Amino acid sequence: MRPFHCLQGVLNPDRQDFLSNTEDAMDIHEYQAKQLLTEYGIRISEGGLAYSPEDAVQRARDIGGDVWAVKAQIHSGARGKAGGIKICQSYEEVSAAAEELLGKKLVTHQTGPAGKTCLRLYIEAGTKIAKELYFSLLVDREHERIVMVGSAEGGMDIEDLAANHPDKITKIYIEPAVGLRDFQARKMAFALGLETSQISPAVKLIKGCYRAMRDLDANMIEINPLVVTTSGKLTVLDAKMGFDDNALFRQQKISELRDKTQEDPREMAAADRGLSYVGLDGDIGCMINGAGLAMATMDMIKLAGGEPANFLDVGGGASPERTEKAFRMVLQDDNVKSMLVNIFAGINRCDWIAEGVVHAVQKLDMKVPLVVRLSGTNVEEGRKIIAASGLPIITADTLAEAAEKAVAARNEIVAKEQG
């Protein structure tokens with residue numbers, strides 16, 4: 001669920017991390033993105049996948065030459081800064097680099113302190129680079145357009161460039177109903193600072209990326225760097241792609257590229273059960289119906305002095321069985337000190353929700369305080385069910401009250417643990 005590209009910082013350096021974390025996106029590895037892009041006529045360097053040092057050396061032999069890049073395949077940008085890319089000039093160096101990277105946990109500013117474990121490598125032929133560029137396509141939800149972003153200065157410092165020299169970033173918005181026009185592709189090619197002889201190949205590359213994005217239901221393609229070689233050729237040196245989760249049902253080829261080892265196991269377990277879950281760093285568990293209400297609830301928890309442990313939207317059909325699944329998802333996080341259930345029943349009914357909550361609490365033998373706030377259809381019946389259960393469930397009438405009680409319950413638990 002978590003986009004791993006740096007493009008969000010290019011579009012809006014001040015954008016909150018959580019907003020990008022909640023976008024419905026499936027990421028893939030660099031080598032997978034490159035394989036897809038080659039189907040659209042886009043040039044890449046020769047490379048191969050390796051799962052062991054022996055594989056890595058064999059891939060280098062297959063590729064030939066005397067310089068290779070050994071690249072960790074994790075769902076994160078900034079791998080180079082984290083030591084995830086090694087330039088090697090002998091088979092011995094390739095083997096040593098593979099030995100070092102396989103099984104290593106790489107920590108970048110995009111992975112957070114937990115990092116990502118490298119379980120596969122991409123061995124790529126060395127490229128003689130004359131110039132590094134930046135190019136990407138993204139669905140910009142604010143403008144309801146696809147935005148094409150480029151810069152004549154690419155590489156690892158693109159986020160710093162966007163923050164300190166935004167005038168060096170070119171953005172061109174594409175109307176989805178019309179599609180990418182030739183003049184827009186040419187405008188971007190010139191903005192990349194290319195020579196006249198390179199404009200036509202650049203336009204072909206840009207149009208190929210757009211077709212890939214459209215055909216594959218991608219919501220992001222990022223090429224950083226796009227390099228001009230010393231022979232004047234345009235080559236994709238690194239590529240990242242993200243795809244709309246909601247379109248995977250019609251993109252079987254893409255869905256088969258999913259690497260669950262790179263994703264939060266809590267989020268994967270929730271997705272497999274039809275729940276929208278994003279793990280956060282706090283200790284107040286949340287179960288809410290509706291993404292907007294979930295955002296408001298987390299804001300209220302923070303206003304009350306707490307930190308949410310998760311974003312969990314159970315959706316409109318919160319049956320007792322679905323409610324129990326949601327409880328299990330929240331409580332499997334050992335950091336949770338208290339839990340807040342906030343339900344506004346429209347399509348649902350509060351009495352159904354209350355029955356599900358009571359059933360879940362009884363079955364799971366909850367050890368943390370539970371605060372429940374119900375509102376909407378059959379709210380009085382729902383409150384009666386909770387009151388009649390005899391369970392130690394804390395109730396609240398308003399969202400503010402519920403957040404304050406959840407934070408207070410959490411503080412009591414923490415005080416007992418520390419005392």
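In this text the structure is predicted, and so the values were computed from the model without any measurement.
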Please check this pair: side chain of [X] against backbone of [Y], looking for a donor-acceptor N/O pair closer than 3.5 Å.
X      : Y      : answer
Asp283 : Val336 : no
Glu153 : Lys168 : no
Glu175 : Ala177 : yes
Ser338 : Ala406 : yes
Gln110 : Gly77  : yes
Thr38  : Gln35  : yes
Arg79  : Lys71  : no

Rounded to the nearest 0.5 Å, what separation is found between the [atom1] atom of [X] and the [atom2] atom of [Y]?
X      : Y      : atom1 : atom2 : answer
Thr297 : Met287 : OG1   : CE    : 11.0 Å
Ser151 : Lys171 : OG    : NZ    : 12.0 Å
Ile199 : Leu234 : CD1   : CG    : 9.0 Å
Asp259 : Gln73  : CG    : CD    : 10.0 Å
Ile42  : Leu205 : CD1   : CG    : 4.5 Å
Asp182 : Lys207 : CG    : NZ    : 4.0 Å

Please report the closest heavy-atom contact between [X] and [Y], naming both atoms and the distance.
X      : Y      : answer
Leu280 : Pro308 : CB-O, 3.5 Å
Leu37  : Ala212 : CD2-CB, 4.1 Å
Leu237 : Glu30  : O-OE2, 3.5 Å
Arg59  : Leu49  : CD-O, 3.3 Å
Ala56  : Ile123 : CB-CD1, 3.8 Å
Thr229 : Thr235 : CG2-OG1, 3.7 Å

Is the number of heavy atoms from other residues, nucleotides or ligands within 6.0 Å of [atom1] ([X]) greater than 12?
X      : atom1 : value
Phe190 : CZ    : no
Lys104 : NZ    : yes
Glu144 : CD    : no
Gln252 : CD    : no
Asp281 : CG    : no

Would you mind reporting whether [Y] and [X] have side-chain heavy atoms less than 4.5 Å apart?
X      : Y      : value
Trp68  : Glu93  : no
Ile221 : Tyr210 : no
Asp238 : Asn224 : no
Val147 : Ile172 : no
Tyr122 : His29  : no
Leu102 : Tyr51  : no
Ile413 : Pro369 : yes
Gln184 : Lys187 : no

Please report the C-alpha distance between Met148 and Met213 in whole Å, then the side-chain angles of each, then the deciding distance to 0.1 Å, and finally whether the side-chain contact (heavy atoms from CB on, under 4.5 Å) criterion is met. CA-CA 11 Å; Met148 183 164 53; Met213 186 174 190; over 6 Å; no
Salt bridge (Lys or Arg N to Asp or Glu O under 4.0 Å) partner of Lys34, chosen from Glu39, Glu124, Glu46: Glu124
Go through the steps for Arg120 and Asp55 under the test salt bridge (Lys or Arg N to Asp or Glu O under 4.0 Å), then give the verdict. CA-CA 10 Å; Arg120 63 187 82 178; Asp55 282 349; over 6 Å; no
Between the side chains of Lys416 and Glu412, is the shortest nitrogen-to-carboxylate-oxygen separation below 4.0 Å, so that they form an ion pair? no
Do the side-chain N and O atoms of Ser76 and Thr108 include a donor-acceptor pair separated by under 3.5 angstrom? yes
Ignoring hydrogens and geometry beyond distance, is a side-chain donor-acceptor pair present between Glu222 and Tyr134 at under 3.5 Å? yes
Pair Glu307, Lys302 - check side-chain contact (heavy atoms from CB on, under 4.5 Å), show working. CA-CA 6 Å; Glu307 291 290 338; Lys302 292 181 72 69; 3.0 Å; yes
Checking Val57 against Tyr91 for the side-chain contact (heavy atoms from CB on, under 4.5 Å) test, could you report, in this order, the C-alpha distance in whole Å, the side-chain angles of both residues, the deciding distance, and whether it holds? CA-CA 6 Å; Val57 171; Tyr91 297 138; 4.1 Å; yes
Set out, in order, the CA-CA distance, both residues' side-chain angles and the distance that settles side-chain contact (heavy atoms from CB on, under 4.5 Å) for Leu370 and Val357, then state yes or no. CA-CA 10 Å; Leu370 172 64; Val357 168; 4.0 Å; yes
